[in-house]
S.K.: 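Can you read through this structure? Questions will come right after.
In what follows, every chain begins at residue 1, and chains take the letters A, B, ... in the order their sequences are listed. These numbers were taken from a predicted model, which means no experiment stands behind them.
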2 protein chains.
Amino acid sequence: MEERIKNAAAETHAARVDRVIEAEEAFRDAAKIFSVAELFRLFGDPTRVGIMTVLYEKERCVCELSDLLVMTVSAISHQLRLLKQSGLVKYRREGKHLYYSLADSHVSTILAQGFEHVNE
Amino acid sequence: MEERIKNAAAETHAARVDRVIEAEEAFRDAAKIFSVAELFRLFGDPTRVGIMTVLYEKERCVCELSDLLVMTVSAISHQLRLLKQSGLVKYRREGKHLYYSLADSHVSTILAQGFEHVNE
DNA sequence: ATAACAGTTGAACAGTTGTTCAACTGTTGG
DNA sequence: CCAACAGTTGAACAACTGTTCAACTGTTAT
């Protein structure tokens with residue numbers, strides 16, 4: 001009798017643990033889905049793709065980006081802030097100029113993959 | 001004299017052709033940048049990433065997607081329309097059900113790349 | 001010190017986006 | 001045929017996004 005109660009209790013507890021683990025996995029998966037969407041969201045704007053495409057070749061300061069993409073310095077700067085915050089670009093100061101470049105090879109790879117897909 | 005005029009005219013024409021070619025290239029580049037941004041934009045929403053992640057494993061009908069992602073059938077359907085229009089997913093009918101799947105390996109590759117980057 | 005240049009930042013605005021709701025089409029089983 | 005199920009679609013709405021403008025910080029040359 002006491003055995004059966006203990007078994008029943010153990011099963012219930014085990015089942016609950018399983019449910020919790022399942023929920024945690026679902027939560028982690030959901031979190032990853034949001035992170036992936038957030039990553040691609042940053043690649044999902046023409047201005048930012050333009051910036052990263054220019055930086056793919058070599059580092060550039062803000063005014064160069066502004067000239068090459070034919071946009072105001074302010075607009076470029078706002079987008080660079082987003083890319084910087086997400087660790088997609090980095091920069092170094094040289095006198096008055098801030099030279100931006102792609103943060104790592106992962107960024108170049110993702111960008112290249114995008115162009116590859118577009119080129120069929 | 002007539003030679004010089006002809007040469008001058010030829011140079012001007014060549015220069016103009018160069019400028020036009022340059023402009024066309026810039027135009028093509030700009031068009032590609034927009035296409036790449038448009039591609040990534042579709043990967044830049046949690047619902048759509050969720051759908052594609054589920055479809056990565058195997059094809060699913062709309063009501064399965066609705067259950068798995070805990071969203072209304074309507075919301076899923078709206079997002080599937082966007083993915084369908086851009087050629088990122090395809091579907092086949094089986095009775096009352098429409099089974100959706102990823103359009104090609106390129107889509108899986110881009111998605112996988114995203115998860116890879118998020119997993120450091 | 002100060003003028004000029006390089007870039008950042010916040011508020012404001014228009015345009016876009018994703019979800020909901022309700023009405024709709026299409027398919028199947030009774 | 002028709003009821004039930006599977007899914008689509010358009011309008012409406014709130015939330016979000018990208019650009020502009022003006023004011024700002026930081027650096028350099030005079």
S.K.: Is a side-chain N or O of A/S35 found less than 3.5 angstrom from the main chain of A/A31, in a donor-acceptor match?
M.R.: yes
S.K.: Between B/R60 and B/L55, does a side-chain contact (heavy atoms from CB on, under 4.5 Å) hold up when you go through it step by step?
M.R.: CA-CA 6 Å; B/R60 295 283 189 180; B/L55 297 184; 3.8 Å; yes
S.K.: Using a heavy-atom cut-off of under 4.0 Å over every strand shown, decide if A/V73 touches base, sugar-phosphate, or nothing.
M.R.: base
S.K.: Is the phosphate of D/dG18, meaning OP1 or OP2, less than 4.0 Å from a side-chain N or O of A/R48?
M.R.: yes
S.K.: Under 5.5 Å between ring centres and under 30° between planes: does that hold for A/H78 against the base of D/dT19?
M.R.: no
S.K.: So, does the side chain of A/S74 form a donor-acceptor pair with the base of C/dT9 at under 3.5 Å?
M.R.: yes
S.K.: Is there a donor-acceptor pair closer than 3.5 Å between any side-chain N or O of B/R81 and the backbone N or O of B/L83?
M.R.: no
S.K.: Taking the side chain of B/R93 as heavy atoms from C-beta outward, which of C/dG18, C/dT19, C/dG26 is closest to it?
M.R.: C/dG26
S.K.: Taking for each residue the nucleotide of DNA chain D with the nearest heavy atom, is it A/E94 or A/T72 whose nucleotide lies nearer the 5' end?
M.R.: A/T72
S.K.: How many Å lie between CD on A/E38 and P on C/dT17, as a whole number?
M.R.: 16 Å
S.K.: For the pair A/D18 (side chain) and A/I21 (backbone), establish whether a donor and an acceptor sit closer than 3.5 Å, ignoring hydrogens and angles.
M.R.: no
S.K.: Among all residues two or more places apart in sequence or in another chain, which pass the ring-ring contact (aromatic ring centres under 6.0 Å, His included) test with A/F40?
M.R.: B/F40, B/F43
S.K.: At under 4.0 Å between heavy atoms, what does B/Y99 touch on the DNA or RNA strands: base, sugar-phosphate, or nothing?
M.R.: nothing
S.K.: B/E59 and B/R92: side-chain contact (heavy atoms from CB on, under 4.5 Å), yes or no, with the steps?
M.R.: CA-CA 10 Å; B/E59 66 171 7; B/R92 65 183 184 84; 2.6 Å; yes
S.K.: Are any of B/S77's side-chain N or O atoms less than 4.0 Å away from OP1 or OP2 of D/dT9?
M.R.: no
S.K.: Return whichever of B/K84 or A/A75 has its heavy-atom-nearest nucleotide of DNA chain D closer to the 5' end.
M.R.: B/K84
S.K.: Taking only side-chain nitrogens and oxygens of A/Q79, does any of them come within less than 4.0 Å of OP1 or OP2 of D/dT19?
M.R.: yes
S.K.: Tell me: CG of B/L65 to P of D/dA6, nearest whole Å?
M.R.: 14 Å
S.K.: If each of A/C61 and B/K96 is mapped to the nucleotide of DNA chain C with the nearest heavy atom, which maps nearer the 5' terminus, i.e. the 5' end?
M.R.: A/C61
S.K.: Whole-Å distance between D/dG18 P and A/D45 CG?
M.R.: 5 Å
S.K.: Write down the distance between CZ (B/R60) and P (D/dA6), rounded to a whole number of angstrom.
M.R.: 15 Å
S.K.: How many whole angstroms separate atom CD of A/Q85 from atom P of D/dG18?
M.R.: 12 Å
S.K.: Would you mind telling me which of D/dT17, C/dG18, D/dG26 lies closest to the side-chain atoms of A/R41?
M.R.: D/dT17
S.K.: Give the rounded distance in Å between these two atoms: CG of B/L82 and P of D/dT9.
M.R.: 11 Å
S.K.: Rounded to whole angstrom units, what separation is found between the OH atom of A/Y91 and the P atom of C/dA6?
M.R.: 18 Å
S.K.: Rounding to an integer number of Å, can you tell me how far B/M71 CE sits from C/dG18 P?
M.R.: 10 Å
S.K.: Which of the following nucleotides, C/dT8, D/dT8, D/dT20, is nearest to the side chain of A/Y100?
M.R.: C/dT8
